[in-house]
Amino acid sequence: MLLDYDRLGFWRWILVAIGVVVMLFLLLPILFIAALSFGDSQWLVFPPPGWTLQWYEQLLTDPVWLNSLFTSAKVAVIVTVLSVVLGLLAALGLARSKFFGKSALQAFFLTPMVLPVVVLAVALYAFFLKLGLTGTLTGFVIGHLIIALPFSIITIGNSLQSFDPALEDAAMICGAGPLEVKWRVTLPAIRLGMFAAAIFSFLISWDEVVLSIFMASPTLQTLPVLIWSTLRQDLTPVIAAASTLLVAFTIVLMLLASLLKKGTRS
Amino acid sequence: MTTPFLQIRGLRKTYDQVVAIDHVSLDIKQGEFMTFLGPSGSGKSTTLYIVAGFQEPTEGQVLLNGKSLLDVAPNQRNIGMVFQRYTLFPHLTVGENVAFPLRVRRRPEAEIKAKVDKMLELVHLGGYRDRLPGQMSGGQQQRVAIARALAYDPPLLLMDEPLSALDKKLREEIQFELRRIHQETGVTILYVTHDQEEALRLSDRIAVFSQGKIEQVGTGEELYERPTSRFVAGFIGNSNFLPVKVEKLGSGRARAVFPNGQAVEGDASAFASGSDGTLMVRPEQMRIRPGTAVGQELAVTVRDMTYLGDSMHFAVQTPWNQELAVRMAVRDGQGLCIGSSAVLEWDTQHGHVFA
Ligand SMILES: Nc1ncnc2c1ncn2[C@@H]1O[C@H](COP(=O)(O)OP(=O)(O)O)[C@@H](O)[C@H]1O
Ligand SMILES: [Mg+2]
């Protein structure tokens, strides 16, 4: 290749330097927050004068925080399940059939990805207000699902693309009925794509804040919403602890996803 | 007469304007190795897929033991099939792939295990039970596919160009195994290929497809020795086509006149359909000898000669400037060299005239 890393000579050090700067730029705020969450200064002094776990203790004993954590998890799990199931059905439909307007439908499915989230949020808010869905679990789930679904459709669609439909013919002639073919052959063959879709969907819901702010009520809010609203009232290291937990969980899921990606290639 | 094992009756399949197959009819005997041979796009796969149940014919009927197959769903037909592409289930081991049709049929575990062992033995892959398909070569994968297709003792095995993705040596090796498996199991096989050599090597009978129709059905020998159309003659084996006019001479005799006015005479039956058309002679049925032609003998010039070990290949030019291929034993070609004049001959029964 023209831009072979080994042949860049002097330029490669500039590339490395840029890489390091970008990495620090992305990582430092997270490390900073993590450090503060363990620091014993009430005023978020950096570097922390001493170390403590008290903010985590506060976080995990305060029913408001615990509730929001629980709400976040519940919404994320429901969104994940629905997103994978609906994403699978949509991807199967798009991959296996030919009909007029198929590419238009395909584009339509992906619009939530390109639409600014805040526009979507305002529109949903106005709509859900009429239906009485704001401040409900259903409202959260539908809102997050709209954002998560395109990722599911794309991820599962991609793994279907590399799945040869002749395998289904082979299973059928072996005696398997249509549902058994899907269950025994198609789903196992695309399972890594489905796992990836699940992880993406969970993360999208878990991190989502814009739509959630519109959906939340004082009694029902997700963790990111609570972090945001607490932040506007006072600056307590509990926020740092909550953020750190959020990030830690996200990192675990990302690692899982990249492990799965490796699995598909081997 | 008893009803034939498999009857294909007047099959026709169209896609919008495209006629994929038309009037395809064929009877197949139990235990027969029948090959569909033809160029790409001639309708072989379409016919096979209708038998399998993946396609529905626009018209026609398929009967197995006298009963219609078309009303039966593909998964209920109890037919085995091996595909052109590798279709082993990637997430299952070789053993589980072979077990798949038996698990679907809810057979007892002990029977499944015994059958899988037996099938893997049949295709000489006894030690590969726990491998994943991704860890096997293409040839091994197709052998597992054969084992899987035969695991439930189907009366009929369909194969759609199963060896076309393999290299020549491996292909010949598996062709040999296929013959053995066919003999050992006695299963009826419908085999699709575009490779005439493969068809000749494997089949009891061959159906030659061209443009959605069956041109001729017969044993390899019949197709080679007595082709009924120019297409079949050209598709199976090598052939020379000479333009002729056929004249009936009465009393069962006829003659074929070449463009330069010379003619060969023979029994009228040797001239088949006998009208204007083409005279076909196989290269190995032609002979040339050094010397100049006298009378009705055909004078040719040697343009090229190639030593092929077991035979000698000549390119000769006719008086009307057509190049013909002649193949002879090496010792019969002595005394000939490039540029020399020669006399071209063949026995009249080896000339076939097509309209
Ligand atoms: N799904 C399809 N849609 C339109 N035309 C098709 C389709 N499948 C096959 N054909 C046409 O039918 C003809 C026969 O195809 P096929 O049976 O696959 O030939 P072969 O197996 O001998 O190569 C070809 O002309 C092909 O273009
Ligand atoms: Mg084909």
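Quick caveat, the model's predicted, so the values are computed rather than measured. Values below: every heavy atom of this structure, side chains too, minus hydrogens, waters and symmetry copies. Per chain, numbering begins at 1; letters A, B, ... match sequence-line order.
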Please check if the number of heavy atoms outside A:Phe25 that lie under 6.0 Å from its CZ is greater than 12.
no

Within a reach of under 6.0 Å around CD of B:Glu184, are more than 12 heavy atoms found that belong to other residues, nucleotides or ligands?
yes

Part of B:Leu88 within contact of chain A (heavy atom distance under 4.5 Å):
backbone

Measure distances from A:Arg184 to the heavy atoms of chain B and classify the residue's part below 4.5 Å as side chain, backbone, both or neither.
both

For A:Phe195, is the CZ atom crowded, meaning more than 12 foreign heavy atoms sit under 6.0 Å from it?
no

Taking all heavy atoms of A:Cys174 and all of B:Pro101, pick out the closest pair and write down the distance.
O-CB, 3.4 Å

Side chain / backbone / both / neither for A:Asp169 at chain B, heavy atoms under 4.5 Å
both

Let's go through B:Arg77 and A:Ile173 carefully: what are the C-alpha distance in whole Å and the side-chain angles of both, what is the deciding distance for side-chain contact (heavy atoms from CB on, under 4.5 Å) to 0.1 Å, and is it a yes or a no?
CA-CA 8 Å; B:Arg77 291 193 184 187; A:Ile173 202 88; 5.6 Å; no

Passes side-chain contact (heavy atoms from CB on, under 4.5 Å), B:Phe100 versus A:Val185? Steps please.
CA-CA 10 Å; B:Phe100 183 88; A:Val185 175; 3.9 Å; yes

Point-to-point distance, once rounded to the nearest 0.5 Å, from CG of A:Leu167 to NE2 of B:His91
9.0 Å

Count the heavy-atom pairs under 4.5 Å between each of B:Gln76, B:Arg85, B:Gln84, B:Arg103 and chain A, then report the option with the highest count.
B:Arg85

Who wins among B:Asn78, B:Thr87, B:Leu102 for the most heavy-atom pairs under 4.5 Å with chain A?
B:Thr87

NZ/NE/NH1/NH2 to OD/OE distance under 4.0 Å, A:Glu180 and B:Arg106
yes

Within the supplied structure, the quantity of interest is the number of heavy atoms (other residues, nucleotides, ligands) at a distance under 6.0 Å from A:Met254 CE; does it exceed 12?
no

Counting only heavy atoms from other residues, nucleotides and ligands, does the tally under 6.0 Å from CD1 of A:Ile14 exceed 12?
yes

B:Phe33 atom CZ: more than 12 heavy-atom contacts under 6.0 Å
yes

So does B:Arg179 have more than 12 non-hydrogen atoms from other groups sitting under 6.0 Å from CZ?
no

